[in-house]
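Note that the structure is predicted; figures quoted are calculated from it, not measured.
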Amino acid sequence: MQYVNSIAARYLQILTSIALMTQHGEAVGDLSSNAVKDCISAMEEAGAQPLEIKQILREKLESELNLAGPHQTLYCQVLEEALCEVNRFLG
């Protein structure tokens with residue numbers, strides 16, 4: 001379980017970097033969607049079940065969203081879209 005959490009933490013760093021790039025006006029295309037997909041794949045390969053993956057990623061993304069300031073609208077938008085992608089990929 002700890003290994004699965006470390007995978008999620010690393011991908012959260014990637015997602016927050018993408019979100020910061022967006023906040024600074026950089027075009028990121030579908031990088032966040034690809035990062036979510038890759039994260040889910042890595043967690044599955046590590047033995048995590050879909051429900052477990054969904055719970056871990058939701059907790060990490062929601063925690064990061066709660067830390068974001070009100071002026072970080074684009075940043076939050078990327079993280080909210082990542083949450084939607086988690087639901088889309090895992091049902």
Side-chain angles (χ1 to χ4, degrees):
M1 176 78 159
Q2 186 171 348
Y3 181 62
V4 171
N5 274 309
S6 69
I7 292 169
R10 285 191 302 262
Y11 276 94
L12 181 65
Q13 289 177 333
I14 293 168
L15 286 166
T16 56
S17 294
I18 293 167
L20 283 171
M21 291 167 58
T22 301
Q23 186 68 34
H24 293 126
E26 296 179 49
V28 295
D30 58 355
L31 286 177
S32 63
S33 178
N34 289 336
V36 169
K37 189 182 341 176
D38 291 345
C39 179
I40 291 169
S41 293
M43 292 173 78
E44 286 175 336
E45 288 176 22
Q49 298 300 311
L51 187 59
E52 179 184 19
I53 295 169
K54 193 173 183 178
Q55 178 184 0
I56 291 168
L57 292 178
R58 181 180 293 144
E59 286 174 7
K60 291 191 177 302
L61 287 165
E62 287 176 352
S63 176
E64 190 65 34
L65 279 164
N66 289 333
L67 295 174
H71 63 284
Q72 294 178 297
T73 54
L74 294 175
Y75 178 88
C76 290
Q77 183 179 344
V78 170
L79 297 181
E80 288 166 356
E81 288 172 2
L83 269 172
C84 290
E85 290 294 311
V86 169
N87 290 326
R88 186 171 73 89
F89 290 129
L90 295 174

Say whether L74 and L79 are linked into one hydrophobic cluster, either directly or through other cluster members, by side-chain heavy-atom distances under 4.5 angstrom. no

Do any pairs count as a side chain to side chain donor-acceptor pair (under 3.5 Å) and have a residue in residues 81-91, sequence neighbours left out, and if so which ones? S33-E85, R58-N87, Q77-E81, E85-R88

Kindly compute the distance separating [atom1] ([X]) from [atom2] ([Y]), expressed to the nearest 0.5 Å.
{"X": "I53", "Y": "I40", "atom1": "CD1", "atom2": "CD1", "result": "6.5 Å"}
{"X": "L61", "Y": "I56", "atom1": "CG", "atom2": "CD1", "result": "12.0 Å"}
{"X": "L67", "Y": "C76", "atom1": "CG", "atom2": "SG", "result": "10.0 Å"}
{"X": "L65", "Y": "K60", "atom1": "CG", "atom2": "NZ", "result": "14.0 Å"}
{"X": "Q72", "Y": "T22", "atom1": "CD", "atom2": "OG1", "result": "12.0 Å"}
{"X": "K37", "Y": "S41", "atom1": "NZ", "atom2": "OG", "result": "8.0 Å"}

Please walk me through it: do Y75 and L20 pass side-chain contact (heavy atoms from CB on, under 4.5 Å)? CA-CA 6 Å; Y75 178 88; L20 283 171; 3.8 Å; yes

Scan the side chains in residues 9-18 for donor-acceptor partners under 3.5 Å anywhere in the protein, sequence neighbours excluded, and list what turns up.
from	atom 1	to	atom 2	distance (Å)
T16	OG1	L12	O	3.1
T16	OG1	Q13	O	3.0
S17	OG	Q13	O	3.0

Heavy-atom closest contact (L90 atom, P50 atom, distance): CD1-O, 3.7 Å

A side-chain contact here means heavy atoms from C-beta on lying under 4.5 Å apart; do C39 and M43 qualify? yes

